[in-house]
*Asks:* 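A single structure is presented below for examination.
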There are 2 protein chains.
Amino acid sequence: MSERKLTRNQQLVLDRLAASGSALTAYDLLDQLRGEGLRAPVQVYRALETLGQRGLIHRIESMNAFIACCAHDHQAAAGFAICDDCGEVAEFAFPASEEGLRSEVGKAGFETRHMTVELHGRCAACAGR
Amino acid sequence: MSERKLTRNQQLVLDRLAASGSALTAYDLLDQLRGEGLRAPVQVYRALETLGQRGLIHRIESMNAFIACCAHDHQAAAGFAICDDCGEVAEFAFPASEEGLRSEVGKAGFETRHMTVELHGRCAACAGR
DNA sequence: CAAAGAAGTGTAATGATATAACGTATGTTT
DNA sequence: AAACATACGTTATATCATTACACTTCTTTG
């Protein structure tokens with residue numbers, strides 16, 4: 001079933017992502033996990049694929065990078081606020097806007113299967129400086 | 001100023017994008033413009049960069065591809081409905097949701113500079129089949 | 001428990017996307 | 001015409017992602 005235990009490689013990748021507040025690229029992950037025995041990009045990409053299917057991570061399209069999922073309800077669409085100054089990525093939910101977007105394109109008969117919502121800008125900490 | 005006439009390369013890339021209803025990658029564009037004398041990726045990327053700065057095209061992050069802008073007000077954020085079956089990309093505006101998203105992250109002090117909103121799914125024509 | 005099947009592994013090679021560095025040309029401003 | 005900004009073409013390289021292959025490890029089930 002979908003309830004297989006995570007394998008060593010999958011757990012390593014997930015732990016590394018969870019330990020980082022920012023998004024990491026596959027090659028970032030590879031570099032940081034060489035000490036654990038990982039050697040090739042495909043090992044990381046395979047772990048990322050499984051983790052993604054299980055809803056444990058998200059891909060940040062505008063950065064070609066990945067981040068651990070911190071949502072409680074991962075049926076809902078996830079949005080991301082990305083600070084271009086410090087790299088921090090905050091996940092957020094947007095139920096009202098999600099419905100708004102879905103119905104906006106629904107008017108034209110479009111059936112939404114997945115939403116990518118990524119806001120770039122400056123986080124509170126960086127704006128304060 | 002910002003009102004320079006488009007150069008030959010820029011015009012070629014823009015025309016090619018405008019003629020296509022879908023998003024094209026930089027390498028798609030390069031292949032389609034070899035007959036016009038383009039030879040290297042960087043020539044396409046340079047044109048794309050200028051066109052993007054002038055608001056004449058958009059980058060579709062989730063496809064690593066580009067599309068001509070068909071918006072009248074390109075101050076407003078643009079959203080895209082992407083049909084994963086036929087590849088059609090429709091640009092749309094979403095003023096209400098845009099404000100909703102902006103204020104959602106604004107609660108945490110985030111200043112939004114740019115939004116990526118890309119909806120994947122199935123267009124009306126493909127759903128009808 | 002043994003066989004069968006599904007999922008995962010490591011290695012190597014390659015494909016796809018994007019940028020850097022260089023010297024030259026062209027167009028605009030003064 | 002000199003000075004400046006922008007764009008050009010060429011070459012090389014960086015970055016992101018997948019394919020193919022042979023082998024291993026789990027899980028199910030007969």
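Fair warning: this is a prediction, and the values are worked out from it, not measured in the lab. By convention in this document, chain letters (A, B, ...) are assigned in the order of the sequence lines, proteins followed by strands, and residues within each chain are numbered from 1.
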*Asks:* Rounded to whole Å, please give me the gap between CD in A/Glu61 and C1' in C/dT17.
*Replies:*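 To the nearest whole Å, that distance equals 14 Å.
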*Asks:* Between C/dG8 and A/Arg4, counting only base atoms on the nucleotide and side-chain atoms on the residue, is there a donor-acceptor pair under 3.5 Å?
*Replies:*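 In this structure, the two groups form no donor-acceptor pair.
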*Asks:* From the options D/dT11, D/dA7, D/dA17, select the nucleotide whose nearest atom is closest to the side chain of B/Gln10.
*Replies:*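 Taking heavy atoms from C-beta onward, the closest nucleotide is D/dA7.
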*Asks:* D/dA17, OP1 or OP2 - any side-chain N/O from A/Arg59 closer than 4.0 Å?
*Replies:*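 Yes.
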*Asks:* Just by distance, do the side chain of B/Gln10 and the backbone of B/Thr7 share a donor-acceptor pair under 3.5 Å?
*Replies:*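 Indeed, once roles are kept as given, a pair shorter than 3.5 Å links the two residues.
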*Asks:* Distance check: side-chain N/O of B/Asn9 vs OP1/OP2 of D/dC8, anything under 4.0 Å?
*Replies:*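 Checking B/Asn9 against D/dC8: at least one side-chain N or O falls below 4.0 Å of OP1 or OP2.
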*Asks:* Can you tell me the distance, in whole Å, between the CD atom of B/Glu49 and the P atom of D/dA5?
*Replies:*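 Spelled out: CD on B/Glu49 to P on D/dA5 is 17 Å.
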*Asks:* I need the CE-C1' distance between A/Met63 and C/dA18, as an integer number of Å.
*Replies:*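 Atom-to-atom, A/Met63 to C/dA18, this comes out as 16 Å.
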*Asks:* Would you check if the side chain of B/Glu118 reaches a backbone N or O of B/Glu61 as a donor-acceptor pair within less than 3.5 Å?
*Replies:*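 Yes; at least one donor-acceptor contact below 3.5 Å.
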*Asks:* Measure from the side chain of B/Ala40, starting at C-beta and using heavy atoms only, and say which of C/dT17, D/dT11, D/dT18 lies closest.
*Replies:*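 Of all the options, the side chain of B/Ala40 is nearest to D/dT11.
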*Asks:* In terms of relative ring orientation, are A/Tyr45 and A/Tyr27 parallel, tilted or perpendicular, with 30° and 60° separating the classes?
*Replies:*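 A/Tyr45 and A/Tyr27: perpendicular rings.
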*Asks:* To the nearest Å, give me how far apart CG (A/Leu30) and C1' (D/dA17) are.
*Replies:*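 Distance, rounded to whole Å: 13 Å.
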*Asks:* Side chain of B/Val42, heavy atoms from C-beta onward: which of C/dT17, D/dT10, D/dC16 has the nearest atom to it?
*Replies:*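 That would be D/dT10.
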*Asks:* Can you find a side chain N or O atom of B/Arg46 that sits less than 4.0 Å from OP1 or OP2 on D/dC8?
*Replies:*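 So the side chain of B/Arg46 is outside the cut-off, no N or O lying under 4.0 Å from OP1 or OP2 of D/dC8.
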*Asks:* Taking CD from A/Gln11 and P from D/dC26, how many angstroms apart are they, rounded to a whole number?
*Replies:*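 About 15 Å, once rounded to whole Å.
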*Asks:* Should the pair A/Asp31-A/Arg16 be classified as a salt bridge under the 4.0 Å nitrogen-to-oxygen rule?
*Replies:*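 No salt bridge links A/Asp31 with A/Arg16.
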*Asks:* Can you check whether B/Gln43 has a side-chain N or O nearer than 4.0 Å to OP1 or OP2 of D/dC8?
*Replies:*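 No.
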*Asks:* Give a yes/no on whether any side-chain N or O of B/Tyr45 is located under 4.0 angstrom from OP1 or OP2 of C/dA18.
*Replies:*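 Yes, within the criterion.
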*Asks:* Indicate whether any N or O donor in one side chain lies under 3.5 Å from an N or O acceptor in the other, for A/Ser62 and A/His120.
*Replies:*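 Present: a donor and an acceptor within the cut-off.
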*Asks:* Send over the distance from A/Asp31 CG to D/dA14 P, rounded to a whole Å.
*Replies:*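 Answer to the nearest Å: 14 Å.
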*Asks:* Are the aromatic ring centres of B/His58 and B/Phe66 under 6.0 angstrom apart?
*Replies:*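 No, the ring of B/His58 stays outside the 6.0 Å limit from the ring of B/Phe66, centre to centre.
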*Asks:* Tell me whether the side-chain N or O atoms of A/Tyr27 pair up with the base of D/dA14 as donor and acceptor below 3.5 Å, since no angle test is needed here.
*Replies:*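 Checked by distance alone, the answer is no.
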*Asks:* On DNA chain C, compare the nucleotides closest to A/Pro41 and A/Thr50; which residue's is nearer the 5' end?
*Replies:*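 On the 5' side of the pair lies A/Thr50.
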*Asks:* Across the strands shown, which category fits B/Ala26 at heavy-atom distances under 4.0 angstrom: base, sugar-phosphate, nothing?
*Replies:*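 Counting heavy atoms under 4.0 Å across all strands, no contact is made by B/Ala26.
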*Asks:* Nearest whole Å is fine: how far is D/dT15 P from A/Phe66 CZ?
*Replies:*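 Rounded to whole Å, this separation is 17 Å.
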*Asks:* With a 4.0 Å cutoff (strictly under), does any side-chain N or O of A/Asn64 reach OP1 or OP2 of D/dA17?
*Replies:*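 A/Asn64 to D/dA17 OP1/OP2: side-chain N or O found under 4.0 Å.
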*Asks:* What integer distance in Å separates B/Leu38:CG from D/dG9:P?
*Replies:*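 The answer, rounded to whole Å, is 6 Å.
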*Asks:* Taking 4.0 Å as the cut-off, does a side-chain nitrogen or oxygen of A/Thr7 come that near to OP1 or OP2 on C/dT9?
*Replies:*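 So the side-chain polar atoms of A/Thr7 do come within 4.0 Å of the phosphate oxygens OP1 or OP2 of C/dT9, strictly under.
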